[in-house]
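Reading through the structure tokens given below for one structure.
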Amino acid sequence: MKTRVTEILGVRYPIIQGGMQWVGVAELATAVSNAGGLGVLTALTQPTPEDLAREIARAREMTDRPLGVNLTILPAVKPPPYADYVEAIISSGVRIVETAGNSPRDFIGRFKAAGLRVIHKCTTVRHALSAEKAGVDIVSIDGLECAGHPGEDDVGGLVLIPAAARALKIPIVASGGIADGRGLAAVLALGAEGINMGTRFCVTKEAPIHEDVKRALVKATERDTTLIFRTLKNTARVYTNAIAAEVRSMEGRPGGCTFEEIRPLVVGSRGRAALRSGAIDDGIITAGQCIGLIDDIPSCEELVQRMVDECRVRLAVALAHAAA
Ligand SMILES: Cc1cc2nc3c(=O)[nH]c(=O)nc-3n(C[C@H](O)[C@H](O)[C@H](O)COP(=O)(O)O)c2cc1C
């Protein structure tokens, strides 16, 4: 496949594995890169910038293909040492970075000066335009279907992707709700030049997630996710388990609740433990609506190849319909 995204990233297929807290480690990212896509390590999954440098070196032993690092910039009372993570990424020789969460403006100059390619992930056309203006190479745009943070505007991919493709000059990557070759074919037709997937890559052999969680996601339907933190204006789409239901009910109380009240339920360490142990109701599990499209646990190689083949078939079928 050839798009501006494959050219900029130097990959065979325009398929990116987005940054995923607790999941984006060397085993998964390198499996995606070796399958011809772009694997992405998640910087903040590593406790310190030094640990990140070690993880990048470990990944380098496992692939010589292009590899990226996600840096999620979140407002925090006590922020992680972002500048040190930036330096760890640059000095490790990684050539591609995915920024997300907040404007990459503060770090983009440093990344660009060091010759990195920057993909910025956002959820609105206005943020995409400002990222383009700030000099990023690619914008990845997440619709309402996505796992994690879809923003507060509630625009689904079917509108958001063509809206972004029409507004931007740089290439866009469609993210959220894609789990098969049909999705890849659809977004290419909508004007995207690549895809970014999170949930689908969680349900692969190489994802560092307990089999019971993977099996629960296979069994789940497209109705089995829910939006939490909506009342706190920090909406997140997650798998509907006991904890997510409890958070929803606390947020639904008259007057709502504060983050402090739900913090013990949603702390990252609990989510991480649930992913590792398979105790699916014990922590927040981030997942998108495309769990309804996931029926098996393939290797990343099998998944990518199957998606590419299916995409070509779907586009040929669509063309036959259109040209008839
Ligand atoms: C388990 C999990 C953890 C995630 N953590 C992050 C993160 O730390 N930073 C980030 O930018 N996106 C994160 N995401 C979002 C993905 O990178 C991607 O944008 C999203 O999953 C796309 O939607 P999809 O799941 O429908 O493919 C996460 C997604 C999942 C499933």
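All values derive from a computational prediction rather than experimental measurement. All ligand and atom numbering here is 1-based and tracks the order in the structure.
- Rounded to the nearest 0.5 angstrom, His120 NE2 and Thr99 OG1 are separated by 5.0 Å.
- Between the CG atom of Asp137 and the CD1 atom of Ile96 there is a distance of 9.5 Å, given to the nearest 0.5 Å.
- Any N or O atom pair closer than 3.5 Å counts here, and Glu145 shares no such pair with ligand 1.
- Ligand 1 has Met197 within reach: a non-hydrogen atom of the residue lies less than 4.0 Å from it.
- Of the polar atoms of Asn70, at least one N or O is found under 3.5 Å from an N or O of ligand 1, judged by distance alone.
- Defined by atom type and a distance below 3.5 Å, a donor-acceptor pair is present between the side-chain atoms of Asn70 and Glu98.
- Between the side chains of Gln21 and Thr45, at least one donor N or O sits under 3.5 Å from an acceptor N or O.
- Atom 18 (C) of ligand 1 has its closest protein heavy atom at Asn196 ND2, 3.6 Å.
- At a heavy-atom cutoff of 4.0 Å, ligand 1 is contacted by the side chain of Asp142 but not by its backbone.
- Counting only distance, with no hydrogens or angles, the side chain of Thr63 and the backbone of Arg60 share no donor-acceptor pair below 3.5 Å.
- In Arg200, neither the side chain nor the backbone holds a heavy atom less than 4.0 Å from any atom of ligand 1.
- With a 4.0 Å heavy-atom cut-off, ligand 1 is reached by the side chain of Cys290 but not by its N, CA, C or O.
- Proximity of a side-chain donor or acceptor of Glu145 to a complementary backbone N or O of Gly157 within less than 3.5 Å is detected.
- When hydrogens are left out, the protein atom nearest atom 22 (C) of ligand 1 is Ser175 OG, 3.3 Å; that is the closest non-hydrogen contact.
- With Thr42 contributing its side chain and Met20 its backbone, the two residues share a donor-acceptor pair below 3.5 Å.
- Here the heavy atom of the protein found nearest to atom 20 (C) of ligand 1 is Ala147 O, 3.7 Å.
- Within the 4.5 Å cutoff, side-chain heavy atoms of Leu52 are placed close to those of Ile56.
- In this structure, the protein non-hydrogen atom closest to atom 25 (O) of ligand 1 is Thr199 OG1, 2.5 Å.
- Salt-bridge annotation for Glu251 and Arg248: absent, with no side-chain N of the basic residue lying under 4.0 Å from a carboxylate O of the acidic one.
- Nearest to atom 14 (N) of ligand 1 among the protein's heavy atoms is Gly19 O, 3.2 Å.
- Comparing Ala179, Gly177, Gly198 by heavy-atom distance to atom 26 (O) of ligand 1, the nearest is Gly177.
- The distance criterion of under 3.5 Å between nitrogen or oxygen atoms is met by Thr72 with respect to ligand 1.
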* Asked: Would Arg306 and Asp309 satisfy salt bridge (Lys or Arg N to Asp or Glu O under 4.0 Å), going step by step from the backbone distance to the final call?
  -> CA-CA 5 Å; Arg306 180 170 86 192; Asp309 293 345; over 6 Å; no
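- The option with the heavy atom closest to atom 28 (C) of ligand 1, from among Met20, His149, Gln17, is Met20.
- The distance from ligand 1 to the heavy atoms of Ala100 drops below 4.0 Å at these ligand atoms: 11 (O).
- Ranking protein heavy atoms by distance to atom 8 (O) of ligand 1, first place goes to Gln21 N, 3.3 Å.
- Residues His127 and Ser130 have side chains that never bring a donor and an acceptor to within less than 3.5 angstrom of each other.
- Using 4.0 Å as the threshold, Cys146 has a heavy atom nearer than that to some atom of ligand 1.
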